[in-house]
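Whatever order the structure lists them in is the order used to number ligands and atoms, beginning at 1. Computed from a predicted model, the values in this text were never measured in an experiment. Worth knowing before you read on, the calculation uses all heavy atoms, side chains too, and leaves out hydrogens, waters and symmetry mates.
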Amino acid sequence: MGTLTVSQKMTLAQDFLPINGTDFIEFYVGNAKQAAHYYKTAFGFQSCAYAGPETGVRDRASYVLKQGKIRLVLTTPLNSDNAISQHILKHGDGVKILALWVDDAYKAFEETTSRGGKVYMEPQTLTDEHGEVKMSGIYTYGETVHLFIERKNYNGVFLPGYKAWNSKYNPTDTGLLYVDHCVGNVGWNRMNPTIKWYEDVMGFVNILSFDDKQINTEYSALMSKVMSNGNGYVKFPINEPAEGKKKSQIEEYLDFYEGEGVQHIAIATNDIVSTVKQLMARGVEFLDAPPNAYYEELPNRVGKIDEDIAPLQELGILVDCDEEGYLLQLFTKPVEDRPTLFFEIIQRKGAQSFGAGNFKALFESIEREQAKRGNL
Ligand code: FE2
């Protein structure tokens with residue numbers, strides 16, 4: 001396997017669970033109305049759909065936001081006696097559902113549950129005047145869920161039960177295009193069972209691995225393995241903490257999320273300099289830029305790139321390369337007060353990897369934030 005490129009490894013995935021891409025990502029949050037305002041104002045997401053008391057839903061309100069191919073659903077409970085309330089009480093705001101777009105949600109359920117997937121939602125068919133959506137779901141790590149969404153016979157705005165959300169407040173987008181990958185943090189010794197679960201239950205293949213020797217700064221250590229489906233449209237890197245001189249950033253996450261969950265969502269852009277400039281101007285907080293030496297060494301490390309280095313350095317954008325090309329990336333600070341979920345902005349120029357060459361610079365920056373929180 002070691003001699004194959006990432007793209008070649010993807011072709012080794014099993015095909016019993018064809019996936020067309022990420023359908024939506026649903027967050028459980030304490031105040032969806034305000035969270036929706038943040039994702040519109042700061043990230044440039046567009047109002048798409050709404051469900052709540054006005055549409056006949058009694059226990060929750062959900063706002064659907066769209067940008068490029070990305071759909072975020074922000075859901076808040078309307079009372080305390082509610083599974084969503086329990087989720088938020090324990091985990092804080094975070095990702096509950098990574099929904100996958102499939103051609104056959106009933107078959108996806110059969111294939112995965114017959115291989116050991118734990119049932120979250122029995123297959124069901126939702127209908128309204130715009131057609132029908134079939135969906136089903138299984139648990140993955142922690143309390144996180146994969147829903148399988150089949151929408152080939154539906155032309156409504158999102159799902160049955162939602163109405164179009166026409167807002168008078170419509171900030172411009174920031175060039176965000178699609179979900180590149182979603183990373184999960186799992187507990188001590190939970191990496192290998194989780195990897196095996198994605199292989200056995202989902203038919204995914206392990207395309208990259210990093211051990212704690214490679215991902216080890218002065219203090220923090222972690223291990224990471226990247227799981228991909230066959231077409232590479234869905235990639236789930238998995239992190240596990242490792243022993244270091246001080247507390248691993250993954251352990252900090254596990255402590256504050258009170259369990260396993262989604263660590264970051266990476267979103268692709270075709271122009272990272274423009275996107276990051278706009279995000280910064282709108283108040284999105286990013287990790288500090290690496291030291292000047294990082295940019296002085298850059299031409300030696302990654303070779304020739306299309307972009308000027310000066311604007312990358314000014315914005316703190318990181319660059320890495322693999323045998324298929326290079327990539328540019330930058331990470332936000334956590335987007336809630338618990339040091340849990342954050343976002344990555346990524347622009348791929350051929351590279352199919354995840355920026356391992358940046359781990360040292362990145363983790364030193366994360367550790368500076370961790371130290372400020374007293375958690376290092
Ligand atoms: Fe990432």
Side-chain angles (χ1 to χ4, degrees), residues 6 9-10 21-22 25 43 68 70 72 94-95 98 140-141 144 176-186 191 194-195 198 204 206-211 214-215 217 220-229 232-242 248-250 252-253 257 260-270 272 275-276 279 284-287 290 302 312 315-322 324-335 339-367 369:
V6 166
K9 284 181 189 171
M10 283 173 198
T22 304
I25 299 174
F43 283 86
I70 313 153
L72 303 184
V95 171
L98 297 169
T140 174
Y141 45 79
T144 316
L176 301 178
L177 299 174
Y178 58 87
V179 175
D180 186 275
H181 59 277
C182 290
V183 181
N185 283 344
V186 300
M191 164 74 83
T194 307
I195 295 312
Y198 273 105
F204 282 36
N206 176 211
I207 55 170
L208 282 167
S209 297
F210 311 98
D211 65 21
Q214 290 161 286
I215 311 179
T217 58
S220 188
L222 63 80
M223 295 177 281
S224 189
K225 292 189 179 185
V226 182
M227 303 307 292
S228 175
N229 78 323
Y233 290 177
V234 178
K235 285 176 232 145
F236 297 135
I238 304 294
N239 296 329
E240 180 186 319
S248 168
Q249 56 173 288
I250 308 306
E252 187 198 34
Y253 174 101
Y257 197 70
E260 302 180 344
V262 174
Q263 180 210 35
H264 74 265
I265 299 165
I267 299 181
T269 170
N270 278 340
I272 194 165
T275 293
V276 168
L279 294 173
V284 176
E285 296 180 320
F286 289 91
L287 291 175
V302 302
L312 302 180
L315 299 169
I317 292 168
L318 308 172
V319 189
D320 195 25
C321 63
D322 60 24
E324 297 178 84
Y326 68 97
L327 61 83
L328 307 105
Q329 61 187 169
L330 185 56
F331 298 82
T332 74
K333 293 182 181 177
V335 291
T340 52
L341 177 77
F342 58 88
F343 285 85
E344 171 183 350
I345 309 301
I346 183 168
Q347 182 178 5
R348 292 190 181 277
K349 308 282 282 268
Q352 296 293 319
S353 51
F354 297 82
N358 288 323
F359 284 170
K360 188 169 190 303
L362 170 64
F363 293 170
E364 283 168 354
S365 182
I366 289 175
E367 283 168 19
E369 298 293 320

Work out how many protein N, O or S atoms lie closer to the Fe ion (ligand 1) than 2.8 Å. 3
Can you tell me how the ring of His264 sits relative to the ring of His181, calling it parallel under 30°, perpendicular over 60° and tilted otherwise? perpendicular
Which residues share a side chain to side chain contact (heavy atoms under 4.5 Å, CB included) with Cys321, sequence neighbours left out: Val302, Tyr326
Could you tell me if the ring centre of Phe43 sits under 6.0 Å from that of Phe343? yes
If only atom types and distance count, is the side chain of Asn239 paired as donor or acceptor with the main-chain N or O of Val186 below 3.5 Å? no
Are the side chains of Thr275 and Leu176 in contact, using a 4.5 Å heavy-atom criterion? yes
With no hydrogens and no angle check, do the side chains of Tyr198 and Thr140 hold a donor and an acceptor under 3.5 Å apart? yes
